[in-house]
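Shown next, in structure tokens, is the structure this report addresses.
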Amino acid sequence: MEDNTQEVIFDESKTNFLKIDTPIGKLKFFVNSVIIFITQIIILFGIYCVGSNFHVSPSLYWFTFAVFIFFFYLFLVSYAKRLWDILGNKRFAIIVSIILMMLNFIVYYSSVVSFIASFVAFLALLFIPGKLIKKSE
């Protein structure tokens, strides 16, 4: 019996940082994660400096919460794009990335084991080969 499925190949150079529009490869996932992490550290350091030097108002708490949600969303998009490349199915990748992010958020502060598990999952996303990205030539 002949298989009529056709493999879809994507070009990750035209992807949007804020949308789940195309899957991304290992290098793009790593670069996005580093950019998100460094930006998060800089902004949270700025929030800490503002909060520690001035009278802390409730608006600073809301701003910090909004920043947290924004970076949570960025990581979610990045994980979904990478999982899309690995799994080959966009909808399933989004569901798995939501579950991973929720588990990461829920157990992040509970133990060192959860931190190690989260780091291992990140490394797995870095090293598992994908199947949908067009190789640049």
Side-chain angles (χ1 to χ4, degrees):
M1 180 175 254
E2 194 174 305
D3 187 19
N4 290 334
T5 60
Q6 186 177 17
E7 185 174 337
V8 179
I9 305 298
F10 292 92
D11 184 8
E12 68 178 353
S13 65
K14 295 176 176 69
T15 187
N16 187 339
F17 196 68
L18 300 173
K19 295 187 332 185
I20 305 173
D21 53 356
T22 60
I24 58 175
K26 296 183 274 189
L27 180 62
K28 186 90 167 170
F29 174 71
F30 179 72
V31 169
N32 286 355
S33 297
V34 168
I35 290 170
I36 294 168
F37 183 73
I38 290 173
T39 308
Q40 184 179 17
I41 295 296
I42 291 169
I43 289 177
L44 291 178
F45 180 73
I47 290 171
Y48 172 76
C49 290
V50 168
S52 64
N53 291 332
F54 299 105
H55 175 65
V56 179
S57 67
S59 62
L60 185 62
Y61 293 120
W62 286 109
F63 179 73
T64 305
F65 180 71
V67 167
F68 171 77
I69 295 298
F70 178 70
F71 283 111
F72 186 80
Y73 172 76
L74 288 180
F75 274 115
L76 179 70
V77 167
S78 186
Y79 273 58
K81 286 179 172 189
R82 181 65 189 127
L83 282 167
W84 184 8
D85 181 37
I86 293 170
L87 300 173
N89 185 336
K90 181 180 180 179
R91 183 171 298 183
F92 186 58
I94 292 171
I95 291 169
V96 170
S97 65
I98 289 171
I99 291 170
L100 280 176
M101 294 300 289
M102 285 178 15
L103 288 174
N104 190 17
F105 177 69
I106 291 169
V107 298
Y108 185 73
Y109 295 106
S110 65
S111 70
V112 174
V113 175
S114 63
F115 176 76
I116 292 170
S118 173
F119 186 68
V120 168
F122 177 76
L123 288 178
L125 289 176
L126 278 179
F127 292 112
I128 294 176
K131 43 185 150 177
L132 299 176
I133 297 299
K134 179 172 69 173
K135 305 294 182 216
S136 56
E137 299 171 18

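If you read the sequence from its start, that first residue is 1, and numbering goes on from there.
- Side chains of L44 and F71 form no contact here, defined as non-hydrogen atoms less than 4.5 Å apart.
- The CG atom of L83 lies 6.0 Å from the OG atom of S97; values are rounded to the nearest 0.5 Å.
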Criterion side-chain contact (heavy atoms from CB on, under 4.5 Å) on L74 and F17, from CA distance to verdict
CA-CA 8 Å; L74 288 180; F17 196 68; 4.0 Å; yes
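- Both I35 and I69 are assigned to one and the same hydrophobic cluster, defined by single-linkage of ILVMFWY side chains at heavy-atom distances under 4.5 Å.
- D21 contributes a side-chain N or O that, together with a main-chain N or O of N16, makes up a donor-acceptor pair within less than 3.5 Å.
- In this structure, the ring of F127 has its center no less than 6.0 angstrom from the ring center of F30.
- When all heavy atoms of M101 and L76 are compared, the closest pair comes out as CG-CD1, 3.6 Å.
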Exercise for review: Give the intermediate values and the outcome of side-chain contact (heavy atoms from CB on, under 4.5 Å) for residues L18 and V77.
Suggested key: CA-CA 7 Å; L18 300 173; V77 167; over 6 Å; no
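- When all heavy atoms of S78 and I24 are compared, the closest pair comes out as O-CD1, 4.0 Å.
- K28 and T15 share no side-chain donor-acceptor pair at under 3.5 Å.
- When hydrophobic side chains of Ile, Leu, Val, Met, Phe, Trp and Tyr are connected at separations under 4.5 Å, F37 ends up clustered with I41.
- Remark: S33 pairs with no residue by the side chain to side chain donor-acceptor pair (under 3.5 Å) rule, at least two apart or across chains.
- Within the 3.5 Å criterion, the main-chain N or O of W84 finds no donor-acceptor partner in the side chain of N89.
- Follow the hydrophobic side-chain contacts under 4.5 Å out from V34 and you reach V31 in the same cluster.
- Atom-to-atom distance recorded for Q40:CD and F72:CZ is 11.5 Å, nearest 0.5 angstrom.
- Following chains of ILVMFWY side-chain contacts shorter than 4.5 Å, one cannot reach F63 starting from F45, and the two form parts of different hydrophobic clusters.
- The distance from atom CG of L100 to atom OH of Y79, rounded to the nearest 0.5 Å, is 7.5 Å.
- One distance of note links CZ of F70 with OG1 of T39; it measures 9.0 Å at 0.5 Å rounding.
- Here L125 contributes atom CG and D85 contributes atom CG; the two are 10.5 Å apart, rounded to the nearest 0.5 Å.
- In this structure, CG on L87 lies 9.5 Å from CZ on R82, to the nearest 0.5 angstrom.
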